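Input: a single structure, listed below in structure tokens.
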Amino acid sequence: MASQKVDVSFLHGRASEIAPRLLGGILERTLDGKVLRARIVEVEAYDQTDVASHSYKGETPRTKIMFGDAGHLYVYFTYGMHYCCNIVVGEKGYGAAVLIRAVEPLNGDEGMSRRRGGRSGRDLTNGPAKFCQAFGISLAMNGHSLSEPPLRLLLQPALPTDQVITTTRIGISHGKDVPWRFYVKDNGYVSKRIE
DNA sequence: CGGCAGATACGCT
DNA sequence: GCGTATCTGCCGT
């Protein structure tokens with residue numbers, strides 16, 4: 001597949017509009033001399049107007065990257081043991097990002113399985129922290145530009161609208177009614193199928 | 001497959 | 001102190 005720069009201008013818009021457009025995009029990671037590839041199948045949008053977002057209460061040391069340049073990775077640590085990663089979107093100074101909640105592995109399943117404690121199939125990457133573990137993403141990659149190795153985003157053509165399911169987000173206690181979760185219809189790697 | 005409890009450490013009040 | 005954009009194991013259906 002041809003190499004492809006992240007079209008940063010494409011990421012300059014509302015998180016809720018960009019998020020569904022990232023479905024089907026490819027994430028390519030080089031790790032331990034191998035190439036891992038996966039297709040994005042589930043995302044959620046967060047921005048500073050929304051109570052569920054880390055950026056809601058303004059910029060802090062932790063959320064600084066979310067307020068930075070689009071096309072970079074915002075990684076956070078949660079529940080004392082998990083990492084989750086987002087693609088920063090919107091204008092610099094505006095805190096917004098798209099959480100990668102699930103991907104479908106395309107290559108490098110063996111390495112992912114090893115990092116996932118021997119698990120296989122959908123259990124490799126059907127959740128945001130599972131994906132980070134499978135892809136070896138931690139705080140060390142916070143702020144990384146997705147135009148460069150060792151982790152690149154390769155945008156793909158938009159999916160047909162009837163293949164995209166829109167629902168409320170998962171695991172939050174505020175902003176539960178906001179329909180900013182998007183996933184690929186009938187894809188086995190989606191974390192939870194509801195509605 | 002669904003529901004629930006426990007793990008575990010950091011950011012922020 | 002308290003809550004957390006989660007996962008896992010264990011239980012029951």
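Just so it is clear, the values below take in all heavy atoms, side chains as well, and ignore hydrogens, waters and symmetry mates. As the structure is a computational prediction, the values presented were derived from the model and not from experiment. Residue numbers begin at 1 in each chain, while the letters A, B, ... track the order of the sequences.
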Does [X] have a side-chain nitrogen or oxygen under 4.0 Å from the phosphate oxygens OP1 or OP2 of [N]?
X: Arg119(A); N: dT8(C); answer: yes
X: His82(A); N: dC7(C); answer: no
X: Thr78(A); N: dC10(B); answer: no
X: Lys192(A); N: dG2(B); answer: no
X: Ser53(A); N: dA5(C); answer: no

| task | Answer yes or no as to whether dT4(C) has its base stacked against Tyr79(A), where stacking requires a ring-centre separation under 5.5 angstrom and planes under 30 degrees apart. | result | yes

| With centres under 5.5 Å and planes under 30°, do Tyr46(A) and dA5(C) count as stacked? | yes

| ring-ring contact (aromatic ring centres under 6.0 Å, His included) partners for Tyr94(A), two or more places apart | none

| task | Tell me the partner of dG1(C), counting only Watson-Crick (N1-N3 plus N6-O4 or O6-N4) or G-U wobble (N1-O2 and O6-N3) with both under 3.5 Å; none if nothing fits. | result | dC12(B)

| Pairing partner (Watson-Crick or G-U wobble, both distances under 3.5 angstrom) of dT6(C) | dA7(B)

| query | Between Arg116(A) and Leu99(A), who's closer to the 5' end of DNA chain C by nearest nucleotide? | reply | Leu99(A)

| query | How about Gln163(A): does its CD atom have over 12 heavy atoms from other parts shown lying under 6.0 Å from it? | reply | yes

